[in-house]
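Working notes for the structure below.
All chains are named by letter (A, B, ...) in the order of the sequence lines, taking the proteins before the strands, and each is independently numbered beginning at 1.
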Protein chains: 2
Amino acid sequence: MDESGALDRPDEDNGSGHRAVRIQDVAKLADVSTATVSRALASPEKVSPEARARVLEAIAKTGYVPNLAARSLRSQKTSMVLVVLPDLSNTFFSKILRGIEERLFEAGYGMIISDLDGSPEKEAHFAAFTAAGRVDGAILLNGHLFGQTREGEGTPAKTGIPLVALCEAIPSADIPQIEIDNRAAASRMTQHLASLGHRSIAYVSGPAHNILEKERFIGYQDGLKAAGLPFDPALVLPGDYTIESGVMAGQDLVGRTTRPTAAFCTSDEMAIGLMRTLLSAGLRVPEDISVAGFDDIDFAAVAEPALTTIHQPRRELGQAAASVLIDLLQGHPSPKRIRLETEIIVRASVAPPQNIEKAPAKSTRTRAIKPT
Amino acid sequence: MDESGALDRPDEDNGSGHRAVRIQDVAKLADVSTATVSRALASPEKVSPEARARVLEAIAKTGYVPNLAARSLRSQKTSMVLVVLPDLSNTFFSKILRGIEERLFEAGYGMIISDLDGSPEKEAHFAAFTAAGRVDGAILLNGHLFGQTREGEGTPAKTGIPLVALCEAIPSADIPQIEIDNRAAASRMTQHLASLGHRSIAYVSGPAHNILEKERFIGYQDGLKAAGLPFDPALVLPGDYTIESGVMAGQDLVGRTTRPTAAFCTSDEMAIGLMRTLLSAGLRVPEDISVAGFDDIDFAAVAEPALTTIHQPRRELGQAAASVLIDLLQGHPSPKRIRLETEIIVRASVAPPQNIEKAPAKSTRTRAIKPT
DNA sequence: TGCCACCATGTAAACGATTACATGAAGACT
DNA sequence: AGTCTTCATGTAATCGTTTACATGGTGGCA
């Protein structure tokens, strides 16, 4: 008996049920129309102070929260941003994510994360995501995958939502880029090693097709040139930024008869894996071989020995990317490219070579006059 | 001139504009009603094979993607899951996240992440999130914060959406728990250390009010008891799972005159920070002091020395939590509690104590008969 | 005083899907 | 052969907002 009529009596008591409070309930309680409630929230200056006060009171009383699906449907905005990244479980990205999240949160946006996981299938899925109007914009941390290898429809660029590329610049696309100067940083580290006296500097690379990698590799060569050192392909070891690939590079070095006196790894993970392998094989770091990294992850400082590396402002990178995207979403002008500064962090893993070896034999016939 | 009538002629060409394809466009092209299109997608068995074929063709031709805001508004489902965690930039969580994401993706759900960042303000925000009908369910990795310290309205428990607690069990709430047996694991590690001959085992704790921490601490005490060792409060060092707190605990140990022969840290980060500090001070690990960790993060294996620790199946934990939540969302029965197995990973950082010290002097007056 | 502009507010039409209900056709059973 | 069930499909209401447009009241200006 009590049930009859319960449906259309949303008076003041919403006590028992967990039925959501609608804008109409608020309107009724505040004795205004739904339009006024909506305006009181979206553009308070368009509503009289008294009405606004009543509305706010009613909202407080009912605990009203706007239904975002409805809002999104009507206004074609979702207050959601998609973040696409290649590997969620990578230390490097997670701090960037935090920076992104902070900024988005401040601006009232939510963050949807998708771990691309190297699968084109997933990639297509997330492209569809953007097409489905589920997000207002996206931040891409995976330049080389998205909209590049695949040109099929559904790529976010096609859907026309604002995009921002973070870290891995997409050369062709004309979307804003937030990044560090990978080339310059790699060059500087190489020169740093050279300035300490190293003549034979190995380079442990990232994945060959990775855009960051390409830039860093060029930077490495720049650095060699600037230091007057020859480039030796035999000193380039393949890697993919993971600890394991660093370990493998280490095994390679351990097995060599003539070893470089320094190794520049393009990620801290690889550097740590490399050091580990060298130490296990009885080599000393930095006495026998200096090791440098890239990124300055938290563990770099507590590695043994502590890792000399290039500091990337990861949180700031994330924040900058989010800021630019927010500007874009709100129609504000925004810079097309932001480059944040890196810094060489000098720690114990790099030192001058212990015993200066004879000049490298194989390359670039510089008129080597044997000193007798 | 060309423009007139352009609006209501969505015939077959959607070529130029990036206006989204609606279900009506598909219906028109397939010569069926919108209802049939919807059915062809949601419940194909309810539609004739021919009609379905035509619909699918039309969808393929137009590149139709359902508008999720509309679907969500009508069906009161969002295909979105909220993941709330205390710290996005923590290595430990990121691998769990990956497990969650994988599973959610398979089931067609998207993942919204919120880094709680220890701020109640944010917490309230995300509670509102769930209330706003933005997500169908949530996975909580922060038992001690959410719905516990604050009992205010808007806590997700109040909104009635399905929840799953991951790792940090919420004792009071009757929501499914996915976890490891922290107490047993800590006990086992403690006994492992004792079985090697350690009589004085330090414990580097997590944050005092953390639920994990409480369980592990009890486990530590269990382990001591099982090994017949006394509990000594002086051997309990405060920490908060971070590298820094491990460093500080290390400094504490270094400064002591009588040191424990082993230290059990409740996170790998702390263990690595601790080892680092000990090594810097000239102590040897494990010769002077053994160090054990908890979690088995990637860096544990390449620490120097390699870290003995407790392996947590983080990815599997994430997957399990997602699976349970999905079951809940789809009305399937699901287990109330899942406990995944841990495993002690024996590496180089733990060894029998080098020189057996005299029985601990201060505690529990066991009738100590001096052997002359 | 009369007209115009303006301001606060209400009315109602979208937004794009899902789905209860209605409809008509086709086969099954007596 | 007539009625009943079943099945495929269409019609239209609905989800909860936002917002273009309409409306009425108030004050300024000539």
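Remark: the backbone N or O of A/Gln177 is not paired with any side-chain donor or acceptor of A/Arg337 at under 3.5 angstrom. Formation of a donor-acceptor pair under 3.5 Å by the A/Ser38 side chain with backbone atoms of A/Thr34 is not found in this model.
We find that CD1 of B/Ile23 is positioned 14 Å from C1' of D/dA12, with the value rounded to whole Å. The interatomic distance linking B/Arg39 (CZ) with D/dA12 (C1') rounds to 12 Å, in whole Å. Between A/Lys46 atom NZ and D/dC21 atom P the separation is 13 Å, expressed in whole Å. The separation between A/Leu41 atom CG and D/dT17 atom P is 10 Å, rounded to whole Å. Following rounding to the nearest Å, B/Gln24 (CD) and C/dC15 (P) show an atom-to-atom distance of 9 Å.
Projected onto DNA chain D by closest heavy-atom contact, B/Val32 and B/Leu73 fall at different nucleotides, the more 5' of which corresponds to B/Val32.
Using a 4.0 Å heavy-atom criterion, one finds that B/Ala51 contacts the sugar-phosphate atoms exclusively. B/Ser48 comes within 4.0 angstrom of the backbone, heavy atoms only, and of no base.
For D/dA8, the OP1/OP2 oxygens have no side-chain nitrogen or oxygen of B/Thr36 closer than 4.0 Å. Side-chain nitrogen and oxygen atoms of B/Gln76 include none within less than 4.0 Å of the OP1 or OP2 phosphate oxygen of C/dT18. Within the 4.0 Å cut-off from OP1 or OP2 of D/dT19, not a single side-chain nitrogen or oxygen of A/Ser75 is found. The phosphate of D/dT14 (OP1 or OP2) has no side-chain N or O of B/Arg74 nearer than 4.0 angstrom. Taking only side-chain nitrogens and oxygens, B/Tyr64 comes nearer than 4.0 Å to OP1 or OP2 of C/dA17. Of the side-chain N and O atoms in A/Ser72, none sit less than 4.0 angstrom from OP1 or OP2 of D/dT17.
Put simply, the side chain of A/Met80 reaches to within 4.5 Å of the side chain of A/Val135, judged on heavy atoms.
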